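The block underneath contains the structure these notes are about, expressed in structure tokens.
It should be emphasised that the depicted structure is a prediction, and the values quoted were computed from it without experimental measurement. Numbered from 1 within each chain, the chains take letters A, B, ... in sequence-line order.
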2 protein chains.
Amino acid sequence: MKHEFLKKLVIPAKTKIVMLIMDGLGGLPIEHGGKTELEAAHTPNLDALAERSALGLSSPAGPGIAVGSGPGHLAIFGFDPIEYEIGRGALEALGVGIDLGERDVAARGNFCKVDENGLIVDRRAGRLATPEAIKLARMLNEIRIDGAEVHIEPVKEHRFAMVIRGDGLSASVQNTDPLKDGLAPLKAQALDQASEKAAGLINDYIDKARAVLKDEELANMILLRGFDRLPEVPKYGDLFGLKAASIAVNGMYKGVSRLVGMQVLPVEGYSIEDEFTTLEKYWEQFDFFYLHIKQTDTHGEDGDFDRKVKVIELVDSQVPRLMALKPDVVLVTGDHSSPVEMRSHSWHPVPALLYGRYVREDNIPEFGERACTRGSLGIMPAKDFMPLLLANAGRLAKYGA
Amino acid sequence: MKHEFLKKLVIPAKTKIVMLIMDGLGGLPIEHGGKTELEAAHTPNLDALAERSALGLSSPAGPGIAVGSGPGHLAIFGFDPIEYEIGRGALEALGVGIDLGERDVAARGNFCKVDENGLIVDRRAGRLATPEAIKLARMLNEIRIDGAEVHIEPVKEHRFAMVIRGDGLSASVQNTDPLKDGLAPLKAQALDQASEKAAGLINDYIDKARAVLKDEELANMILLRGFDRLPEVPKYGDLFGLKAASIAVNGMYKGVSRLVGMQVLPVEGYSIEDEFTTLEKYWEQFDFFYLHIKQTDTHGEDGDFDRKVKVIELVDSQVPRLMALKPDVVLVTGDHSSPVEMRSHSWHPVPALLYGRYVREDNIPEFGERACTRGSLGIMPAKDFMPLLLANAGRLAKYGA
């Protein structure tokens, strides 16, 4: 649905919406005739909620498309994930918790080793140990250049994320990484006129970085690639009339929710219970809450069926805390499937449960893949859930007379 | 889903995909409360496969749209059948087994009768008997013109298909058939500059045809209409990274599968069993097999319920041969419905069964219209099956991070 169309129908209300996202929720049976992770989990609270809800399956980006967390979240937040693409540099920066904003250009970087002639000996500096990379990043973060702030955040081994913050920066800048040993690092070259300022700043920075690192033995240079900016995405306040908050522990989810205009709430602690405590604490202050559970995906990717089941059961145990707040509308789903059987993100549609006073209940007393197949929502493109949540919350006017 | 998007995600794999298409598979009960053709058929092998599969319904071109074989196949092959239109001339040529290629302009033709002044007396030459048309076609196929090869293939009675093969031919050429008796056949006129070469060649040919036929009593002239070329359709190899083969007995299906880049395999014999023998014979040489069963449609159009049922049962008896090859992914469906009750193609969604190791099984032990309605695939646009097949075959990478 077109945002311009939707936006005109949005009306104010005092209702509250909760979007509970279990990352990688959808699964597969391990053996023929068996149960999926969600079906195997003992979830009396979700099952009871399902009985009063409409069920269905959420399709992040269409049949067969397994999405990463970036597009998966953009979709469930109401945006076409193919239209709004988040580049690798920006994702890397979001992933390590950099608070990426509109003035920022992000990139992925490597520490590398060059010889006395400046030619690359090892693009990955022997897969530098992470503590060493942290030391080098600290040195680089002392660098000051005119016209922008630059920050480097180590990711793992030789990899880091970089952000250049300044006014009027565009990101059509060629990689400095020649992707091959034996060559010299390239100059950052602007691919359009608008990006010349950014390219100049990056080259200034690289010169200073070379000087700072010149006496280092393991890694004495940096290579940059994947320059990009966050896509311009409409904001929840403007688009949906929602004062929206995000409750997440991991950097990327904070980043993507901030991108769509949610306020990222501080979570005291890292546990699932701590996230629900944050929900309770800020309940009065927002219209919309996105609460993100990471561990369902982690154990899906680890291939640990029992631990994924246990995380789902733990989330289930928190559902009464959520429902005690008397939310008007609740969506429980995932941003994508991560079947233990595949140890990866997958394309399978994700079980979804929609609760609210005006939801047409399916009265199916179970929350699971096969139960959701019987539900009245059918297979819904993830990006279409937001209008449904708004409508159920009394936040959409009638179209036409 | 856009092909440019999909193409970027394609990755190589060693897996094999089979698309088993029973033409016109979908049906209707003859009487209230009765069974459809597929439901009435005794299909123990398909039912057992269904139990391990995901079920759903395939919609060739959206609600209410009954498709011909051309668009029906383009859709199930992964192309939007409204965007990629195959013209009547090209379809007629494909239908009679002409191996239509990129250098060809096709047209539909009539043998007609003109008087001594060259005015049309009968556009259909009294619905000329087919053997007579075959004789005339043989005479015409002796004609040689400079700059192109022309071939005529009788269709039925006065109708024939024509193909002009040469370099640099475009097909914006006006019909020579004035569609009315008492007028003279028109000159082939180019509607744009690019088509002037083709128009000139066609007029040369028509002049020679008039001379060749001038002493014939029943039909002494030809009328041409519906000039067109095959649409430019991306090829399976380039688009999907698949080495694809087609197993079909009838001309049109060979033509449409060749159009999308499949290699048409020779079938020794004409029976359904022969087609499965071909599948076995070439199993090691391809990644993707399209196997087409014509007779389900034929008996649907004939209005013969029992014979359509028997064909389905015969296909069912071959399913163990297919599964013995251990395909990684199997789709069983049709290109459209052809209910016996209607004696024609219809718009009804077509039962579809998707089997594969990573398919989320519905555990519904029956392959039939109502069983498929309960399946997790829902009503899928036919063109969306290809990404799903690729994903299940491990041939699509994750989108985004």
Side-chain angles (χ1 to χ4, degrees), chain A residues 26-29 31-36 39 56-57 59-75 81-92 94-95 108 226 252 256 336-337 339 341-342 344-349 351 369-370 372-375 377-380, chain B residues 1-11 17 48-49 51-59 78 240 329 331 352 354-365 372-401:
Chain A
L28 284 174
E31 53 196 333
H32 172 60
K35 291 181 170 184
T36 68
E39 289 170 349
L57 293 156
S59 174
I65 307 301
V67 295
S69 299
H73 270 80
L74 279 185
I82 295 166
E83 182 183 344
Y84 293 92
E85 196 173 350
I86 308 186
R88 302 289 311 204
L91 271 175
E92 190 91 300
L94 293 177
R108 307 163 81 194
M252 176 185 277
V256 179
H336 55 78
S337 291
E341 176 70 2
M342 297 180 70
S344 68
H345 292 201
S346 81
W347 59 87
H348 301 86
E369 281 80 353
R370 268 67 73 98
C372 286
T373 294
R374 304 198 305 275
L377 298 179
I379 301 176
M380 279 211 14
Chain B
M1 194 169 307
K2 293 277 175 251
H3 286 143
E4 309 85 76
F5 170 75
L6 200 59
K7 189 177 162 176
K8 279 188 231 159
L9 299 180
V10 168
I11 50 174
I17 302 170
L49 191 60
E51 204 271 333
R52 310 185 62 116
S53 297
L55 303 183
L57 292 156
S58 166
S59 174
F240 299 138
V329 180
L331 173 68
L354 176 68
Y355 164 87
R357 178 176 167 190
Y358 299 115
V359 166
R360 193 184 276 157
E361 306 175 349
D362 293 331
N363 300 135
I364 298 171
C372 286
T373 295
R374 303 198 306 275
S376 59
L377 299 178
I379 300 178
M380 273 204 26
K383 71 180 170 61
D384 289 345
F385 274 100
M386 275 307 298
L388 194 53
L389 299 186
L390 291 171
N392 275 285
R395 289 174 174 272
L396 277 191
K398 184 168 72 173
Y399 169 58

Worksheet item: Looking only at atom types and distance, does a side-chain atom of B:Y399 sit under 3.5 Å from a main-chain N or O of A:A61, one as donor and one as acceptor?
Response: no
Worksheet item: Non-hydrogen atoms of chain B under 4.5 Å away: do they reach the side chain of A:H32, the backbone, both or neither?
Response: both
Worksheet item: Are the side chain of A:E369 and the backbone of A:G27 linked by a donor-acceptor contact shorter than 3.5 Å?
Response: yes
Worksheet entry | Heavy-atom contact with chain A under 4.5 Å, split by part of B:M386 | neither
Worksheet item: Could you walk me through whether B:N392 and B:Y355 pass the side-chain contact (heavy atoms from CB on, under 4.5 Å) check?
Response: CA-CA 9 Å; B:N392 275 285; B:Y355 164 87; over 6 Å; no
Item to complete: Can you tell which part of A:R374 gets under 4.5 Å to a heavy atom of chain B, answering side chain, backbone, both or neither?
Response: neither
Worksheet item: Would a 4.5 Å heavy-atom cut-off, applied to side chains only, mark B:L354 and B:V329 as touching?
Response: yes
Discussion item. Show, in sequence, the C-alpha distance, side-chain angles and deciding distance for B:M380 and B:L388, and conclude whether the side-chain contact (heavy atoms from CB on, under 4.5 Å) test is met.
Written reply: CA-CA 11 Å; B:M380 273 204 26; B:L388 194 53; 3.9 Å; yes
Worksheet entry | Proximal component of B:L396, with respect to chain A [non-hydrogen, under 4.5 Å] | side chain
Worksheet item: Judged by atom type as modelled, is there a donor-acceptor pair below 3.5 Å linking the side chain of B:D362 to the main-chain atoms of B:S376?
Response: yes
Fill in: Heavy-atom contact with chain A under 4.5 Å, split by part of B:L377
backbone
Worksheet item: More than 12 non-hydrogen atoms from neighbouring residues, nucleotides or ligands closer than 6.0 Å to CD1 on B:I379, yes or no?
Response: no
Worksheet item: Side chain, backbone, both or neither: which part of A:L91 has a non-hydrogen atom closer than 4.5 Å to chain B?
Response: side chain
Worksheet item: chain B heavy atoms under 4.5 Å from A:E85: which part of the residue, side chain, backbone, both or neither?
Response: both
Worksheet item: Picking from A:P29, A:P349, A:S59, A:P339, which has the most non-hydrogen pairs under 4.5 angstrom with chain B?
Response: A:P349
Fill in: Top of A:H336, A:H345, A:M252, A:E92 for chain B proximity - count of heavy-atom pairs under 4.5 angstrom
A:H345
Worksheet item: Can you say whether A:S337 sits under 4.5 Å from chain B via the side chain, the backbone, both, or neither, judging by heavy atoms?
Response: side chain
Practice prompt. Check whether any side-chain heavy atom of A:H348 lies under 4.5 Å from a side-chain heavy atom of A:L28, and answer yes or no.
Written response: yes
Worksheet item: Between A:V67, A:T36, A:I86, which shows the greatest number of heavy-atom pairs under 4.5 Å with chain B?
Response: A:V67
